Amino acid sequence: MPPPVSLSRSLETCSEEASSSPSVNVRAGATTRTQKTKTSSGNKKRGRVATLKTRPEVEQIFEGLSFFYIPDNDIAPVRRLRINRAKEFGAEWTRDMMTATHVIVEKKLVYKDVEKLWPKDGFGDRAPPKVVNEDYPLDCIQFRAIVDPGQKKYLLDGQVTTETKDKEVLLPTSGVVDSGPGTKSKASSLPLKPQHHNKRKWDYVPPRGTPSQGEESSLMKSLPKANARSKTPPKKDDELSEFISMMQEFKDLPLDVDEDDDAQSTSVGSQHQVDLDQGSGSENERPSKRRSSRRVRPTNKAITFKDRFACNRAGRKDAGQDNPNARTIEMLQKMNSYYERVNDHWRTLAYRKAIGTLKQQTVKITTEEEAYRLPSIGRRLAQKIEEIVTTDKLKRLEYAEEEPTNSALQTFLKIYGVGNKVAQQWIAQGWRTLDDIKQHVKLTPSQMVGVEHYDDLNTRIPRKEVTALGEVVKRAAAKMDPMVQLIIGGSYRRGAESSHDIDFIVTKPGTESVAHLKSFLNTLVAQLERDEFLVARLASSRAGSDGSKWHGCCVLPKIKGLNDDDEEYRPIWRRIDFLLVPEVELGAALIYFTGNDIFNRSMRLLASKKGMRLNQHGLYRDVLRGPDRVKVTEGELVERRDERRIFEILGVTWREPWERWC
DNA sequence: GGGCAGCGCAC
DNA sequence: GTGCGC
DNA sequence: GCCC
């Protein structure tokens, strides 16, 4: 039925996708669309358009494509609806597979069902149609773009994919590889090798039916031995997971209750999930609608827990590299920094938590509902995640990044002492570069340092150097008072390969208040300044106050064996902090200054759930809070000296510092 | 619709 | 008190 | 932004 014209157009249109070159990224839906928009004025009087709504030309994303449906009829109301919808967006419904560009297969069917209809002699010179499940057109419509048909979520059961990573290798994925004209017809006729049955069925939310299983399997992948999954995950794991879940979900599960309700609620939640999702999934027309069905994640700990596991890995800054969701994370991080820039504190927080969740996933999250199940990922973020996965971009982000002031904002915010307020102000005044600032703006002393040493201070410090810096300070300190302890906290204590700054916790046995340490710090700082190790003060406790911290900059001197052979040696300015901690508070302080901050927040949240309060000074109980959580009493001190004890009392299994990446 | 940590220091 | 950093 |  489709005239040759249509066919060739089809081929042309999807040439990217059908290309034999695997390196071509197929996701350029936009390209395809624009191209089509231009030509669409040509001939597009599709057959039975009578009852169809007319979509604006720009929405004719399927223009030139023809869909062959399996089953090949529109008897089922749902399928008819979908077919019509595809037509609204420019698709042609063909009843002849030879002319189809896409074969849309009902989800219940498996790849074998397609094979039966597949022409024995292949498709000759043309590329075989792409075989996708019924979600494919819906997603295209949702995103108003031709998305990559090779994505896992569009595969049928039994359909083989070579897709492993995410972006590269897109083409061969759907199996609908065009092996090229030269190849055997066999190859093109049966591109998918059903024999390689992929045991696993990711297609739709693998974990959905049995969340725990799904999770476990992913766990096994990433932590093969650490959590010898077997049957009895150490109790520790549960607690850890639970704990972590607290970190990311502020007010979730009442820990207090958890002793009684946990197992049950878990399984119940899972069951529900299956039903709801499947039911709605097969009958709703629009994906967005289907997916917006209420989340079935009722205090769903099982999921939450396990999702947290991966958190254990000592994450370096590049810890996301191998993550299957790397691309998604990358995009969300951009959104995150965008919101940071525009001063949207809470959105920033939300994105950070969502990113944290995603980082812990060991399988790629491809659909909205998969994402939605995860903690700290709500409807909006889940939609964005799916948009990223399917279109490889994010419209909202593109708008955001178009804002001309964007880069300036980014620049200014990296100046020490400059936050959103000031940065926005400067921008409003028309400044865009550091030079502008240097010339026109009156800076505070801190900001001055921040500007003058902008590059240095925004360069991460290799772990080795942190160690070296630590040695310098410790040596000087030991000379003055051998009893004083200096502990390097922050990301260094968590085992980071590089740090943004170096934090010293300064303490000494027998001290009960920072006052006992102040004079020491003053002496130490004075000495280190004389040594020209400390080169700037940014914030330091004043004489009168009960000051407990000192922020400044230091430089690493030449050290034999470390950097003395480097003729390029240049003292790089580094951020350095001293935090005075009386020995009695050391445990609480260590927790606080080791972080990371998400970890800390959850600890505090956990404490608060248990009627306790945790801060850098200690763990308190029976905190009375008035309306609006206003603290009425300090509460009774429970523990502050012993880091492990604080974990214990909170009912949390001990976690080494390097296990506190969240 | 409200909370999302809370504190020390600079200004 | 606000802004900022942690 | 998310969660309750």
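In what follows, every chain begins at residue 1, and chains take the letters A, B, ... in the order their sequences are listed. Quick caveat, the model's predicted, so the values are computed rather than measured.
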Query raised in the report: Can we say Arg396(A) and Glu387(A) salt-bridge, meaning some charged N sits less than 4.0 Å from an Asp/Glu carboxylate O?
Result: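 No.
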Query - Salt bridge present between Glu648(A) and Arg645(A) (N-O < 4.0 angstrom) - result: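 A salt bridge is present here (some side-chain N lies under 4.0 Å from a carboxylate O).
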So if I take every side-chain heavy atom of [X] and compare against [options], which nucleotide ends up nearest?
X: Ser540(A); options: dC4(C), dA10(B), dC2(D); answer: dA10(B)
X: Thr444(A); options: dC11(B), dG3(C), dC6(C); answer: dC11(B)
X: Arg575(A); options: dC4(B), dC2(D), dC6(C); answer: dC6(C)
X: Pro445(A); options: dA10(B), dC11(B), dC2(D); answer: dC11(B)
X: His551(A); options: dG1(D), dC6(C), dC4(C); answer: dC6(C)
X: Val422(A); options: dG1(D), dG3(C), dG8(B); answer: dG3(C)

Mind checking if [X] touches a base, just sugar-phosphate, or nothing, with heavy atoms under 4.0 Å?
X: His345(A); result: nothing
X: Arg396(A); result: nothing
X: Lys442(A); result: nothing
X: Asn420(A); result: sugar-phosphate
X: Tyr592(A); result: base
X: Leu332(A); result: nothing

Can you tell me the distance, in whole Å, between the [atom1] atom of [X] and the [atom2] atom of [N]?
X: Tyr351(A); N: dC3(D); atom1: OH; atom2: P; value: 13 Å
X: Leu457(A); N: dG5(C); atom1: CG; atom2: C1'; value: 14 Å
X: Leu413(A); N: dG3(C); atom1: CG; atom2: P; value: 14 Å
X: Asn615(A); N: dG8(B); atom1: CG; atom2: C1'; value: 13 Å
X: Arg601(A); N: dA5(B); atom1: CZ; atom2: P; value: 4 Å
X: Glu340(A); N: dG1(D); atom1: CD; atom2: P; value: 15 Å
X: Leu538(A); N: dA10(B); atom1: CG; atom2: C1'; value: 11 Å
X: Leu580(A); N: dC7(B); atom1: CG; atom2: P; value: 18 Å

Query raised in the report: Given Arg641(A), which of Glu585(A), Glu583(A), Glu512(A) fulfils the salt bridge (charged side-chain N to carboxylate O under 4.0 Å, His left out) condition?
Result: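 Running salt bridge (charged side-chain N to carboxylate O under 4.0 Å, His left out) over Glu585(A), Glu583(A), Glu512(A) with Arg641(A) returns exactly one hit, Glu583(A).
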Query raised in the report: Want to settle it: does His617(A) or Arg604(A) sit nearer the 5' end of DNA chain B, counting the closest nucleotide to each?
Result: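 Result of the comparison: Arg604(A).
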Query raised in the report: Is there a stack between Trp346(A) and dC4(B), judged by ring centres under 5.5 Å and planes under 30°?
Result: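 Stacking between Trp346(A) and dC4(B): present.
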Query raised in the report: Take atom NZ in Lys438(A); do more than 12 heavy atoms of anything else shown fall under 6.0 Å from it?
Result: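 It does: Lys438(A) NZ has more than 12 such atoms within range.
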[X] vs [N]: side-chain N/O to OP1/OP2 distance below 4.0 Å:
X: Arg613(A); N: dG6(B); value: no
X: Lys384(A); N: dG1(D); value: yes
X: Tyr339(A); N: dG1(D); value: yes

Query raised in the report: Think Arg493(A) forms a cation-pi with Trp661(A), using NZ or CZ under 6.0 Å from the six-ring centre and within 45 degrees of its axis?
Result: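 No, Arg493(A) does not sit over the ring of Trp661(A).
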Requested in this report: For dA5(B) and dC4(D), measure between their P atoms and round to the nearest Å.
Outcome: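 Roughly 15 Å separates the two P atoms.
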Query - Stepwise salt bridge (charged side-chain N to carboxylate O under 4.0 Å, His left out) test for Glu330(A) and Arg327(A) - result: CA-CA 5 Å; Glu330(A) 181 191 338; Arg327(A) 173 63 176 169; 3.2 Å; yes
